[in-house]
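Proteins come first, then strands; the chains are lettered A, B, ... in the order of their sequence lines, and each starts at number 1.
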Protein chains: 2
Amino acid sequence: MSRPTLASLASELAVSRQTISNVLNAPHRVKPATRERVQAAIAAAGYRPSAAARQLRTQRSMNLGMRLLPATDGINGAILDRFLHALTEAAQSAGYRLTLFCAESDEEEIRQYEQLLDVAGLDGFILTSSTPDDARTRWLHARGTAFAVFGRPWDSAGQPVAADHPWVDVDGAAGTEGSVKMLLAQGHTRIGFLGWHTGSPVGNDRRLGWKRAMSAAGYGQDLVTLNVEAEDTVAGGAAGTAVLASRGATAMVCSSDSLALGAMGQLRESRPGAFLRGGGPAGPDGQAAVVGFDDTPVAAALGLSSVAQPVEEAARHVIRVLTHELDGSGASLLSRGEGPERQLLLAPRVVERIPLPLAAP
Amino acid sequence: MSRPTLASLASELAVSRQTISNVLNAPHRVKPATRERVQAAIAAAGYRPSAAARQLRTQRSMNLGMRLLPATDGINGAILDRFLHALTEAAQSAGYRLTLFCAESDEEEIRQYEQLLDVAGLDGFILTSSTPDDARTRWLHARGTAFAVFGRPWDSAGQPVAADHPWVDVDGAAGTEGSVKMLLAQGHTRIGFLGWHTGSPVGNDRRLGWKRAMSAAGYGQDLVTLNVEAEDTVAGGAAGTAVLASRGATAMVCSSDSLALGAMGQLRESRPGAFLRGGGPAGPDGQAAVVGFDDTPVAAALGLSSVAQPVEEAARHVIRVLTHELDGSGASLLSRGEGPERQLLLAPRVVERIPLPLAAP
DNA sequence: CACACGGATTTGATCGATCAAAATTGTGAG
DNA sequence: CTCACAATTTTGATCGATCAAATCCGTGTG
């Protein structure tokens, strides 16, 4: 009554182990008649090859690893859920499993790679953020381990840099650019940017989009005045908004939903009614406007416009590239030059929302 | 230059494979002198036993599985991050790895169990929610697979029921009871409950705590009037709050932060200033009060009081029980009757917050 | 009719560990 | 000095698959 194995099935069917193995791994080598007979028996017995035995022989585990970063803020970290889910789903349907691990630092992450490669024989890794001059990608590359990154490579100065490893990222600049355009279309002209300190490449990228769109619209002269840096918290957003409002901004594009949330609150409170009904600093229709970034559930709940990252698509692509790298090496002769883009910048989408009245009708 | 194996190390050291294996798995059998010599060699060579080979022989993978539920709401789903992180960390330090998988339904989840057990040889599973008359726990139990649940077992009528599998849960009733007590201490007497429809056992449990505390305080006569059911969304919370306010509630305990968020908005908007500065339905100090549930990041950001679940502790305990079950079976003679509680109800904590002014000073 | 040939199938070795049992060594009693 | 017995170490088999090479088989050919 125990689990069927290649050997047990083989003796039942009066064929050799190898024939069954071939039916599964190289069907063309088996005569159609036997193939079908074996396939039927496999289905009937519910036979499933043992991954451990297979791994021992082939040195492939069909297992991908990913570090779970220490929970951040949670408002913005909420998109991790979606990413992780899509990643797991995509890996699963590509025949891979996903193993999680934790690490306190990037150095420890590297030590974990080493251990997981040796012990569990993971086939590849997914990195969920890139840092300037990333030691982890260097290490993985040197070791010849397959991996794919959600995040562009940055040089030590925080500038985008070429690299030949696979990565997927979302074009943050395009997102903020879109936000500015939306606000311009609404008639706003004094559009501020509320972002992080300049040490963050991701933050700088988002700031860049705002600058680009403002310059293109002929408001380049406001780039200094209307650019404010703040701590990435709700309180930071409120404080920054107070500054921007005092400089005459009627709308603002934020680097995160946390900041945008703070901005909304500030506008509502400091000039009661300003946000919804006009008055105080307000745009042409009498309303001040805020756009966040990441389109977190909070934004949706509060009716905050925000830039939505296509994280599901990013996750699927990460898996696509990584599995192509892993599976494709054998079939490299056939599929040379085809395959998915190894480096891909996805365009985000600006979700325009009408602020919720926050009261039942 | 390739990875050291038991055999390669053995020949270098001029001892047998088995001796090295014993140093790792049964050190007491090895003479101290050799043991140290071997240990030094292991460290020097950076030897790590292959999990695949070990699994093939021992039939244990040191791998635990968990289904990633389709992302829910996201406001409340945010605590999954924390749970998952703590789970991974605890599993890791117990020497286990965590494998994720997806399933569309509970039936598919069972099919995945079957496949993962056969193929990957997972040692156990973690279930992250329990449903009334749960088919999954029945299946796992029948199959003799180790598992632990975050969530109490409920019978088909949604009532708590005894079961002999390990589980950990948070005492929701105690949470809402604590919320009520906090509001009573603030001087409120007309405290409403804004919860989910009665089909949800978890929701009913939370409602129960409110009822208990209200009755104990002598407000049992209000249990019908001040109990409102709503859809678990921000809009639902706003609508329910309108009803509760019209019935004279000055404070409300909610089943979730989504509802509480809706409640806050409703209070702010429908009676401008009510929430912060008194007026309209308000408590003794002139303020209406809302308490949410789950202490999501949004609650923290907005200064919403909420009931915090000790999810990290729950995760650690789930792993503790599960690994004890798995590791302990061998040592059952020694540790009989000891070990962690197989069933544990954790007390949540009410986090009292002062609503943020939402404006910078 | 023997023989080469390619497709289909089988055999034996192997991946790297642990288990079970056997062999070796050391120790104290008689 | 020998023998029983425990402590320590080694040997051979095994887990369940795949690889590489060998064998088998039916055909077409000279």
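Taking the six-membered ring where tryptophan is involved, the planes of B:Tyr113 and B:Phe101 are perpendicular, since the angle between them exceeds 60° and thus also 30°.
B:Asp134 and B:Thr131 form a side-chain donor-acceptor contact under 3.5 Å, judged by distance and modelled atom types alone.
With respect to the salt-bridge test (charged N to carboxylate O, under 4.0 angstrom), the residues B:Asp133 and B:Arg138 qualify.
The CZ-P distance, from B:Arg29 to D:dT8, rounds to 11 Å in whole Å. If you take NZ of A:Lys31 and P of D:dC24, they are 17 Å apart, rounded to a whole angstrom.
Contact of the A:Ile42 side chain with the A:Leu24 side chain is registered, since non-hydrogen atoms from C-beta on lie closer than 4.5 Å.
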Report summary line: Expected string for nucleotides 12-23 of chain D under the B/S/- scheme (protein heavy atoms, under 4.0 Å, primed atoms plus P, OP1, OP2 as sugar-phosphate) is BBBBBBBBB---
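Within the structure, side chain to side chain donor-acceptor pair (under 3.5 Å) pairs that include any residue of residues 38-48 of chain B comprise A:Asp118-B:Arg48 (at least two apart or interchain).
OP1 or OP2 of D:dT10 lies within a sub-4.0 Å distance of a side-chain N or O belonging to B:Thr19.
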